[in-house]
*Asks:* 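What follows is a structure written as C-alpha cells; I'll ask about it next.
This structure is a prediction, so every number in the text was calculated from the model and none was measured. Just so it is clear: chains get the letters A, B, ... in the order the sequence lines come, proteins before strands, and each one is counted from 1.
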Protein chains: 2
Amino acid sequence: MPARPTPRRVTLDDVARSAGVSKATVSKALNARDDIAPDTRARVLATVEQLGYRPTTDRGHPPRRPALVAVLDVLESPYMTHVLGGVLAAATAAGTDLLLRLPPDRGTRTRRTAAAAWVAQQRAAGAVGIVGLTLAEPDALLRAAQDAGVPVVMVDPVDTREGAVVSVGATNWAGGRSATEHLLGLGHRRIAWIGGPAGSAAARERLHGYRAALDSAGVALDPALVRSDEFAVETGLRHARELLLLPDPPTAVLAGDDEIAVGVLAAAQELAVPVPGGLSVVGYDDTPQAGWTSPRLTSVRQPLDGMGRMAVETVLAMAAGHAPASWYVQLATTLVVRESTAPPARADRTRAPHAGT
Amino acid sequence: MPARPTPRRVTLDDVARSAGVSKATVSKALNARDDIAPDTRARVLATVEQLGYRPTTDRGHPPRRPALVAVLDVLESPYMTHVLGGVLAAATAAGTDLLLRLPPDRGTRTRRTAAAAWVAQQRAAGAVGIVGLTLAEPDALLRAAQDAGVPVVMVDPVDTREGAVVSVGATNWAGGRSATEHLLGLGHRRIAWIGGPAGSAAARERLHGYRAALDSAGVALDPALVRSDEFAVETGLRHARELLLLPDPPTAVLAGDDEIAVGVLAAAQELAVPVPGGLSVVGYDDTPQAGWTSPRLTSVRQPLDGMGRMAVETVLAMAAGHAPASWYVQLATTLVVRESTAPPARADRTRAPHAGT
DNA sequence: TCGAGAGTCGAAAGAGTTTCGCAACCTCCG
DNA sequence: CGGAGGTTGCGAAACTCTTTCGACTCTCGA
C-alpha cells in the first residue's frame, strides 16, 4: 500500500525545496520583506502559485462581503434621495454592502495624492466599485480609481470630460425637447429657460433639447431668456423675478429641476402672476414633492430610482470583469403634465417671426 | 546591571506561565477551540488582557476602520433624508465608515434566528454599532444586537417597548403642545389632529402635547377631530376631506408631519376652503420642502440633522464602552410660523363649553 | 465497582517568521 | 589593480504560535 495515501497539504518547506531556496526566503517573498532580490521573489512566488501553496496561518480572512461605495456631495435633495434609494435597493438585491461616503474636501479633491489615498481607503474598506452621484470635480478621483483598478460609474456626471467616464443618466436632451414641445404645442412662443450649472452634462443636454425644439418650431431663441445657475429654489426665485419684470416677459418657463421650478412659482406668486394663467411652469425630475406645490407642477419624470439601480448593476458588472455595454446609458424620461401649464393668455408672436401657420 | 534592559514583548509563554497553563492551552483559549473548559478560557483570557498580550502572527487583518450601520425601512422621505444627512456627517467626522442597510424582511424580522443572523452579518462587515432610523418592529433585532454586544441607538423609535432601547428624538410633546398653543393663541377652538401611526412614540408624544395644550386652555377634546394614520400625503388628504365635510368642521388642523400637512392643503384646495382664511394648517418637521407649498407651511422644526448626529455620537460612545448618559435624548423643537396659520374667520365656541375668559 | 465515553489539558511536533551572520558584490579611492 | 568599507541577498537557527495526539479525570449507567 502507498506510504502516504493522503496527499499531505503543501507546506512552506515543500515550496522552499521546489524553488531551491530556504524556508526563510519563501517566507520573505510572501511577506513583502525587502531583503530579497526581486527575481528571487518572482521565482518563489511562481513556485508558490504552481504548487498552490496557502499558509496555514492565513486564517482565511473571513470572506468579507463585497462592498460598494456611494459617494455624493449633498444628500439633502429629493433628487439625490431617490437615486440613492435605487442604489440601496440594487445593492441589497445583489448582496453587497453599501458604504455611504462623502468625497474628500473640495480643496484637496483635485490633488492626485489625496485622490489616490481616498481611493486606497475605499479599497481597504472592501469596496469593489464606486458609484458617484452628481459628484463635483471628480476627475482626479476617477483617474486614481482607474489606476487602482476600481471601477467607477457616475450618475449624471458634472465637471468632467465627456466620454472619459462610464455614466448613467436619463434622456436629458429628449426630456428638454419634449417639455419645450409641450409648451410650444400649447401655443407658447416666448419660453424662458432657467437651467442648472453649465458643468452638469445633464443640464447642458436639457438646454440643447430646449434649443432643438425651438429650432424645429422655427422659434428664434432669445438669449435674454436663457439662464444657467445652481439647482436651487433660490435660483428659480431670482431669475424668474428678473424675467417677469422684463418689458416683454416670457409666457412660460422651463426649469432645470423641480427646485428651480418651485422658486419660479414663488416669484410668480410674489409678483401676482397667476400660474398657469399668466405663466406656465415646467419642472424637471418629478420628485413626489413636485406634487406638493400649488398648482401641482408639470414636470419631466426621470427614473431616478432606475438610474441608481442601473449604476449599481453596471459597476458590479465591471467589477466582475465585464466591459460596460456602453460608456453612457440613458434611461427614458416622460413628461408628466399637471396643472402648472396651460395655453398662454394671448398668442405672443412678436419675437417669433418664423412661426408658421 | 539588569540582565534584560529592554522589556521583551509579551509572548505566549509568558501568558502561559502567568496563568499556570501550557502554551497550547493559551492558544486554544485565544482561537475559540472547543477542547478547553469555559472557566479555564476565562482565566486565560483575563491574563491575556492583563498582560496586554498580542499574538505576533495576527499581522494579517489590516486594522479595518470601524463601521456604523444605518438601517432604515424607507429612504424616500425628506425626514429620513435629513436625519441620514446628519448621520453621514457625524460618521464622517468621527472617521467611521457608514454602511447603509435595509433591515431583514418584515416577515422574518421578528424571528430570533433571522435577527441574530442579520446582526452577525453586520458584525462581520465591521460594524461597531447600529443606528436604527424609525425602524418598524425592531424588537427582535434589538435583542439580537444586545446578545451580540452591538450597541444600538434608535431615532424616533416605533413599535417598541418604551425605555428598553436607547433612542434619540426631539421634544415631541413640547412640539405638539407649542403648535397647539400657537393655534389657541390665534383664537382657534376647534382644532383637529391628524397624526402619525400609533406605534410611533414620536407621534404619540405629539398627540399628548396637543391634548395637554387643549386641557390647559380648558378646551374639550372632540374625539371626532383626532385621527391617527400613516405619515403620508394621502393620510392628510383623506382625513382632511372628512373633517372639512363635517357639519361643524375644524378651523385648524395640526398635522403629524409635513407630508400629512401637504395632503391637508390639497384637500382644502379641492374643497375651496382658503388657507389660512378658512383653515389654519400646521405641519411637523419643517423640512425645506415645507416652504414649497403655497401658502408656505407653519411647521414645528425638528433638528433632524442634529438627531442623526446625536445618534451617531451616542452609539459610538456606547461602542467605546461608555454607558449612555440617558436612555432617551430629546433635542429641542421650535415652531416656525409662516403663512398657513391665521386667526379663525370667526370665533367658534359651540363645541368648547369650558372655554374661559 | 467497573468501563465507556466525554471533556480537559499539555508535551511535542509542525508551520511560519524573524534574527543575525556570512558571503558575495559593489564602490571608491590610492 | 587592490583593498577598505559598505550594501545586498540568502540561509541556519532561534523564536512564536498552532495543532496533534496521548493521558488523565469525571460522569453515568450497568
*Asks:* With side chains defined as the heavy atoms from C-beta onward, is the minimum distance between A:Leu30 and A:Tyr53 less than 4.5 Å?
*Replies:*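 Yes, their side chains come closer than 4.5 Å.
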*Asks:* Consider the side chain of B:Ser27, meaning its heavy atoms from C-beta on, and name the nucleotide among D:dG9, C:dG10, D:dT18 that approaches it most closely.
*Replies:* D:dT18
*Asks:* Looking at D:dG11, C:dT8, C:dG10, which one has an atom nearest to any side-chain atom of B:Val21?
*Replies:*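 Per side-chain heavy atoms of B:Val21, the pick is C:dG10.
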*Asks:* Hey, does the side-chain of B:Lys28 have a donor or acceptor N/O within less than 3.5 Å of a partner on the base of C:dG10?
*Replies:* yes
*Asks:* Would you mind reading off the distance between A:Lys23 atom NZ and C:dA13 atom P, rounded to a whole angstrom?
*Replies:* 15 Å
*Asks:* What integer distance in Å separates A:Asn31:CG from D:dC15:P?
*Replies:* 20 Å
*Asks:* Taking CZ from A:Arg17 and P from D:dC10, how many angstroms apart are they, rounded to a whole number?
*Replies:*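 Whole-Å distance recorded here is 19 Å.
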*Asks:* Determine the contact category for B:Leu12: base if any of its heavy atoms lies under 4.0 Å from a base atom, sugar-phosphate if only primed atoms, P, OP1 or OP2 are that close, otherwise nothing.
*Replies:* base
*Asks:* Report the distance from atom CZ of B:Arg33 to atom C1' of D:dC21, rounded to the nearest whole Å.
*Replies:* 12 Å
*Asks:* Below 4.0 angstrom from OP1 or OP2 of D:dC17, is there any side-chain N or O of B:Tyr53?
*Replies:* yes
*Asks:* Starting at atom CG of A:Asp13, determine the distance to atom P of C:dG14, rounded to an integer number of angstrom.
*Replies:*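 It works out to 11 Å between those atoms.
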*Asks:* Between B:Arg143 and B:Asp139, is there a salt bridge with N-O shorter than 4.0 Å?
*Replies:*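 Not counted as a salt bridge, because no side-chain N and carboxylate O are separated by less than 4.0 Å.
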*Asks:* How long is the gap from CZ on A:Arg101 to CG on B:Leu98, to the nearest 0.5 Å?
*Replies:* 9.5 Å
*Asks:* If you look at every strand shown and take non-hydrogen atoms under 4.0 Å, does B:Ala24 touch a base, only sugar-phosphate, or nothing?
*Replies:* base
*Asks:* How long is the line joining CG of A:Asp35 and P of C:dA23, in whole Å?
*Replies:*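 Rounding to the nearest Å, CG of A:Asp35 and P of C:dA23 are 18 Å apart.
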*Asks:* Report which part of the nucleic acid A:Val26 touches: base, sugar-phosphate, or nothing (heavy-atom distance under 4.0 Å, all strands).
*Replies:*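 Counting heavy atoms under 4.0 Å across all strands, no contact is made by A:Val26.
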*Asks:* If you measure from the Lys or Arg side-chain nitrogens to the Asp or Glu carboxylate oxygens, is any gap between A:Asp105 and A:Arg109 under 4.0 Å?
*Replies:* no
*Asks:* Between A:Thr25 and D:dG11, is there a side-chain N or O to OP1/OP2 distance below 4.0 Å?
*Replies:*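 Indeed, a polar side-chain atom of A:Thr25 lies that close.
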*Asks:* For A:Ile36 and D:dT8, give me the distance from atom CD1 to atom P, rounded to whole Å.
*Replies:*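 My rounded result for the distance is 15 Å.
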*Asks:* Do the side chains of B:Asp147 and B:Arg112 get close enough for a salt bridge, i.e. N-O under 4.0 angstrom?
*Replies:* yes
*Asks:* If I take atom CZ in residue A:Arg54 and atom P in nucleotide C:dG14, what distance separates them, rounded to the nearest angstrom?
*Replies:* 24 Å
*Asks:* Taking OP1 and OP2 of C:dG14, is either one under 4.0 Å from a side-chain nitrogen or oxygen of A:Thr11?
*Replies:*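 For C:dG14, neither OP1 nor OP2 has a side-chain N or O of A:Thr11 closer than 4.0 Å.
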